[in-house]
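First the structure, in the form of structure tokens, and then the observations on it.
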Amino acid sequence: MGDIDAVMALLAPDVVHVSDGGPEHHAARRPVVGPDRVARLVVNLACRHHREGVTVSIREINGQPGVVVTDAGRTLLALACSVVDGRVDRVWAVVNPEKTASLRRPPLV
């Protein structure tokens with residue numbers, strides 16, 4: 001947990017992370033740009049949600065690879081990314097519960 005260099009190795013040089021919060025859940029207001037800043041953000045999010053009872057499920061989100069983080073059935077975070085030439089070039093994080101509500105259903109297989 002917390003290996004920023006390992007995360008940076010997965011990111012494209014022009015990677016951008018965009019967050020979508022809401023009135024009850026704060027998120028970055030501006031896009032986070034660059035592998036060093038995005039890696040630190042992603043590692044910090046992972047460390048924040050790493051505790052007993054929290055589960056991470058690999059899911060397809062809007063046609064992109066992603067993960068859904070839940071705690072006691074409540075969605076905390078949905079993270080999707082696009083991959084170009086084997087590296088993540090865009091990351092979208094959604095913490096707005098109105099937008100993550102549909103992710104509580106089991107994934108379609």
Side-chain angles (χ1 to χ4, degrees):
M1 180 68 56
D3 190 344
I4 291 175
D5 290 332
V7 175
M8 282 182 57
L10 302 172
L11 303 176
D14 60 345
V15 65
V16 177
H17 182 285
V18 178
S19 300
D20 182 3
E24 298 174 20
H25 298 283
H26 299 286
R29 291 184 174 178
R30 293 191 172 98
V32 177
V33 180
D36 56 332
R37 295 182 70 212
V38 171
R40 283 196 312 266
L41 176 61
V42 169
V43 167
N44 285 335
L45 285 172
C47 289
R48 181 181 310 159
H49 294 298
H50 182 62
R51 63 183 179 274
E52 179 113 12
V54 173
T55 60
V56 178
S57 304
I58 297 172
R59 301 274 296 268
E60 183 176 293
I61 302 172
N62 293 332
Q64 303 290 343
V67 296
V68 175
V69 180
T70 59
D71 185 6
R74 191 178 117 240
T75 303
L76 301 175
L77 166 74
L79 191 89
C81 61
S82 67
V83 179
V84 174
D85 295 329
R87 292 184 142 187
V88 174
D89 75 328
R90 295 291 179 269
V91 180
W92 299 275
V94 180
V95 294
N96 185 333
E98 292 177 7
K99 295 181 179 180
T100 60
S102 66
L103 296 171
R104 291 186 195 112
R105 295 187 300 260
L108 300 173
V109 181

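Placement of Leu10 and Val33 in two distinct hydrophobic clusters is found when ILVMFWY residues are connected by side-chain heavy-atom separations under 4.5 Å, directly or transitively. Each of Val91 and Val84 belongs to its own hydrophobic cluster when Ile, Leu, Val, Met, Phe, Trp and Tyr are linked at side-chain heavy-atom distances under 4.5 angstrom. Residues Leu41 and Val83 share a hydrophobic cluster, clusters being chains of Ile/Leu/Val/Met/Phe/Trp/Tyr side chains in contact below 4.5 Å. Note on Val67 and Val15: same hydrophobic cluster, where clusters join Ile, Leu, Val, Met, Phe, Trp and Tyr whose side-chain heavy atoms are under 4.5 Å apart, directly or indirectly.
Arg90 and Asp14 get closest at one heavy-atom pair: NH1-O, 3.2 Å. Taking both residues in full, the closest heavy atoms of Pro13 and Arg87 are given as CD-NH1, 4.1 Å, listed atom of the first, atom of the second, then distance. The two residues Pro35 and Met8 have their closest heavy-atom pair at O-CG, 3.6 Å.
Listed by chain and residue number, nothing satisfies the salt bridge (Lys or Arg N to Asp or Glu O under 4.0 Å) test with Asp89 (two or more places apart in sequence, or in another chain). With sequence neighbours left out, the side-chain hydrogen bond (donor to acceptor under 3.5 Å, both in side chains) criterion links Ser57 to no other residue. With sequence neighbours excluded, no residue forms a side-chain hydrogen bond (donor to acceptor under 3.5 Å, both in side chains) with Asp36. Contacts of Val7 classified as side-chain contact (heavy atoms from CB on, under 4.5 Å), with partners at least two apart in sequence or in another chain: Leu11, Ala39, Val43.
Listed by first and then second residue, the salt bridge (Lys or Arg N to Asp or Glu O under 4.0 Å) pairs involving residues 61-71 are Arg51-Asp71 (not counting sequence neighbours).
Partner of Val69 under the side chain to side chain contact (heavy atoms under 4.5 Å, CB included) criterion, chosen from Thr75, Leu77, Thr55, Leu79: Leu77.
With rounding to the nearest 0.5 Å, the separation of CZ in Arg37 from CD1 in Ile4 is 13.0 Å.
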